[in-house]
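Scroll down for the structure; my scribbles are underneath it.
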Number of protein chains: 2
Amino acid sequence: MNKEYTETELLIVNAARKVFLNKGMDGARMQEIADEAGINKALLHYYFRNKQKLFDAVFQEALEKFFPAIVEVLINETPFIDKIDILVDMYFDRFKENPHIVSFIIHEINQNPERIENVMKESGMRLDVIKQKIQEMIEVGKISFFSFDHFMVNMLGLIIWPFAGRPLIQRMLFENDPEKFDDFLEERKTVVKRVLKKSLE
Amino acid sequence: MNKEYTETELLIVNAARKVFLNKGMDGARMQEIADEAGINKALLHYYFRNKQKLFDAVFQEALEKFFPAIVEVLINETPFIDKIDILVDMYFDRFKENPHIVSFIIHEINQNPERIENVMKESGMRLDVIKQKIQEMIEVGKISFFSFDHFMVNMLGLIIWPFAGRPLIQRMLFENDPEKFDDFLEERKTVVKRVLKKSLE
DNA sequence: GTCTATATGCAGATAGAC
DNA sequence: GTCTATCTGCATATAGAC
């Protein structure tokens, strides 16, 4: 899975992650990555040949954080209703640690949609299989309406948007006060779980 | 509001919109915009002085499409529950016409958050006033839980994510078939309305 | 492996003819 | 107003010394 990095490579990838996540592929500068890593520009090329390959390493890593975790939770034997709590908490916590990952991924998958194929193949995701499994798992009667597709899109939409739209939302609704926004994010875990469960009634 | 454009200016802005929405500020090339407009690079500078000013024109226009419309619906006298249907349809239709606008705005507000201030001031949005008005409008009893902030974020999240994440979602859930995805989008109008209303019970 | 110095190419912007 | 030709600066990438 993870190519094991040498110490210097790790230094570079960490710096690259920071810069790429903030600026995107086009906006990032090799110089800035080098500075951030405390090394020289030429070294970047020594280790990663070119900007594209360095970017790919970061992007792949980001997407791998985004998805495989969800799969693990979806396929295990936890009752479906409990999966909701677990998934919501998991994503909120993950995005809170690294808020820029959301807009980064959104931007890059739209820039270069083909890149996803590779990452998905590498990580061996078979969402169609999961879909099947979940459909079977749903206890008919308890849940009046269920579409796996809509459920997944609902969940991610409810979670993702405040992170992706933060600069806008914080200004429009919270007088641009970061603390108010953070409180809102914390509340939101509960709200999202509630909405998702209601959506199944 | 809209500076009235001359014929050539309009030609340029239309081309610029197309390119900027697809590539973002950093990824866009003045040459490409010129080609798209069927004119010369130098003319871009003649009319808009530099890339930044041209970009600002496009960005402002995009944000103005994004928000003022929602305000209009929120403040009028329609019963709140009906506003939901209207808003959902409005945004879906708008984004379907111009799918790239979503990831464009997400990217740019995160790149340069300060830019929003200007646009918001220009368009005179006072969301705090609307918030107040809506809170009063809610019929207590019929609606058990209401937070304007969460409701707005829920609504936009549910609507926006399929547009922003399309390349990913289409591959993960619909074997990368655009038609299947479009059917899904159409279904989604109903689903989102339903989920939003359930969330208020 | 790590650096300095340099090559190469390209994008944004300007000069100036028509 | 619109064009061609050109300048300038900068970013990626390479050469080559240590």
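Sequence lines set the chain letters: A, B, ... in the order given, protein chains first and strands last, and positions in each chain run from 1. Being a predicted model, the structure only gives us computed values, none of them experimental.
Listed by first and then second residue, the side-chain hydrogen bond (donor to acceptor under 3.5 Å, both in side chains) pairs that reach into residues 173-183 of chain A are Q170(A)-N176(A), E175(A)-K180(A), sequence neighbours excluded.
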Would you mind writing out the side-chain donor-acceptor pairs for residues 9-16 of chain A within the sub-3.5 Å range, not counting sequence neighbours?
unit_1	atom_1	unit_2	atom_2	d
E9(A)	OE1	T6(A)	N	2.9
E9(A)	OE1	T6(A)	OG1	3.3
N14(A)	OD1	R17(A)	NH1	3.1
N14(A)	OD1	R17(A)	NH2	3.1
N14(A)	ND2	L10(A)	O	3.3

Pick out the pairs of N or O atoms, protein on one side and nucleotides 12-18 of chain C on the other, that lie under 3.5 Å.
unit_1	atom_1	unit_2	atom_2	d
dG12(C)	OP1	K51(B)	NZ	3.0
dG12(C)	OP2	M30(B)	N	2.9
dG12(C)	N7	K41(B)	NZ	3.4
dA13(C)	OP2	H45(B)	NE2	3.3
dA13(C)	OP2	K51(B)	N	2.8
dA13(C)	N6	K41(B)	NZ	3.3

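With sequence neighbours excluded, the residues satisfying side chain to side chain contact (heavy atoms under 4.5 Å, CB included) with V71(B) are I75(B), M125(B), I130(B). Every residue meeting the side chain to side chain donor-acceptor pair (under 3.5 Å) condition with R188(A), not counting sequence neighbours, appears here in chain and number order: H150(B), N154(B). Legend: residues meeting salt bridge (Lys or Arg N to Asp or Glu O under 4.0 Å) with K65(A), ordered by chain and number and at least two apart, are absent.
The nearest whole Å value for the distance from the CD1 atom in I39(B) to the C1' atom in dT4(D) is 14 Å. Separating the CG atom of L44(B) from the C1' atom of dG1(D) is a distance of 13 Å, rounded to the nearest angstrom. Counting to the nearest Å, the P atom of dA13(D) and the CG atom of L43(A) are 15 Å from each other. Note: CG (L11(B)) to P (dG1(D)) measures 14 Å, nearest angstrom. One can place CD of E32(B) at 15 Å from P of dC10(C), the figure rounded to the nearest angstrom.
The side chain of T8(B) places an N or O atom within less than 4.0 Å of a non-bridging phosphate oxygen (OP1 or OP2) of dT2(D). The phosphate of dT2(C) (OP1 or OP2) has a side-chain N or O of Y47(A) nearer than 4.0 angstrom.
At a threshold of 4.0 Å, the pair E186(B)-K96(B) counts as salt-bridged, since one of the basic side-chain nitrogens sits closer than that to a carboxylate oxygen.
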